[in-house]
Structures are given as C-alpha cells and as structure tokens.
Q: 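Pasting in a structure now, in structure tokens, and then I'll have a few things to ask.
Because only heavy atoms are used, hydrogens play no part in the values below, and waters and symmetry mates are left out as well, while side chains stay in.
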Amino acid sequence: KTPKFKINDKVAEKDRGLAFKRPNQKYGIPLREGVVINCTTKKNKVGSAYFYYDVLWNDSEKPQEVAQLRLKPITQEN
C-alpha cells in the first residue's frame, strides 16, 4: 500500500452521507478543509497497514490525526 496524500496536499473531510442535511454540511457542521503536514502508518492486529495524517485544519491552530479513509483531495473544480 502507498499513501494517497503527500505532505502539503490540500484535503477536506469526506461527506458521511446523511440523509437530512444541507449541502456541504455534516451533523450541522460545515465540512472542514486543511493541509496535510505529516503521514504515519499504523498496523492493526492482523498486520495490515493503514495511513493516518496530521491535518492542520483551516480553522485550527493544532494538527489533528485523521485516518486516510476520512479524507478526500481538494481539486480545482471544488
């Protein structure tokens, strides 16, 4: 496996697909955008590797560790 994102990539939280919400909202909170500042690998008890990223959200001063599956890239058309 290889990481999906690189350091300094712009990312956003994935939409969790709730049925009753406004566009671009998750649980009534706007989806966050930020920048990847570090990538780490963790293994589960079976030994499969999963990627976690330290993301500095635009509205935060401290990075937060986020699983790769919760992130999507920000593209030019977004």
Side-chain angles (χ1 to χ4, degrees):
K1 286 185 172 183
T2 59
K4 194 181 213 179
F5 305 107
K6 297 177 182 157
I7 293 175
N8 293 326
D9 280 357
K10 292 184 179 181
V11 295
E13 284 183 298
K14 275 189 180 175
D15 185 4
R16 295 196 182 175
L18 295 175
F20 302 105
K21 64 179 181 58
R22 295 192 314 233
N24 200 35
Q25 293 226 331
K26 171 191 69 142
Y27 300 114
I29 301 169
L31 296 176
R32 295 185 292 180
E33 296 181 351
V35 177
V36 173
I37 59 171
N38 190 27
C39 177
T40 56
T41 305
K42 293 185 179 181
K43 293 190 178 203
N44 63 13
K45 63 182 176 182
V46 178
S48 296
Y50 290 94
F51 296 102
Y52 286 82
Y53 299 91
D54 290 329
V55 177
L56 184 60
W57 299 114
N58 292 345
D59 60 352
S60 177
E61 295 178 9
K62 289 172 38 175
Q64 178 185 11
E65 187 176 69
V66 184
Q68 177 173 283
L69 60 92
R70 287 187 50 213
L71 298 172
K72 65 180 179 180
I74 295 178
T75 57
Q76 293 295 346
E77 61 268 4
N78 283 358

Q: If you link ILVMFWY side chains whenever their heavy atoms are less than 4.5 Å apart, which other residues fall into the same cluster as Val11? By chain and number, please.
A: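 Noted: Val11 shares its cluster with Phe5, Val36, Phe51, Tyr53, Val55, Trp57, Val66, Leu71.
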
Q: I'd like to check the side chain to side chain contact (heavy atoms under 4.5 Å, CB included) partners of Thr2; sequence neighbours left out, ordered by chain and number.
A: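 Here no residue qualifies.
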
Q: Please name all residues satisfying side chain to side chain donor-acceptor pair (under 3.5 Å) with Lys10, sequence neighbours left out, ordered by chain then number.
A: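 Residues passing side chain to side chain donor-acceptor pair (under 3.5 Å) with Lys10: none at all.
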
Q: Using modelled atom types only, decide if a donor and an acceptor are shared between the side chain of Glu13 and the backbone of Arg32 within a distance under 3.5 Å.
A: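 Flag set: sc Glu13 to bb Arg32 pair under 3.5 Å.
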
Q: If you group Ile, Leu, Val, Met, Phe, Trp and Tyr whenever their side-chain heavy atoms sit less than 4.5 Å apart, what else falls in with Ile37?
A: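 Taking Ile, Leu, Val, Met, Phe, Trp and Tyr as members, Ile37 shares its hydrophobic cluster with Leu56.
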
Q: Mind checking ring-ring contact (aromatic ring centres under 6.0 Å, His included) for Tyr52 and listing every partner two or more places apart, or none if nothing turns up?
A: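 Checked Tyr52 against ring-ring contact (aromatic ring centres under 6.0 Å, His included); zero matches.
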
Q: Roughly how far, to the nearest 0.5 Å, is the NZ atom of Lys4 from the CG atom of Asp9?
A: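 Atom-to-atom, Asp9:CG and Lys4:NZ are 11.5 Å apart.
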
Q: Who are the side chain to side chain contact (heavy atoms under 4.5 Å, CB included) partners of Asn8, not counting sequence neighbours?
A: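 Here the qualifying residues are Val35.
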
Q: Check Asn58 against Gly34 and note the closest heavy-atom contact, atom names and distance.
A: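 Answer, listing the atom of Asn58 first, then Gly34: OD1-CA, 3.7 Å.
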
Q: If a pair satisfies salt bridge (charged side-chain N to carboxylate O under 4.0 Å, His left out) and one of its residues is in residues 42-58, list it, with sequence neighbours excluded.
A: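 Applying salt bridge (charged side-chain N to carboxylate O under 4.0 Å, His left out) to every pair that reaches into residues 42-58, excluding sequence neighbours, yields Lys42-Glu65.
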
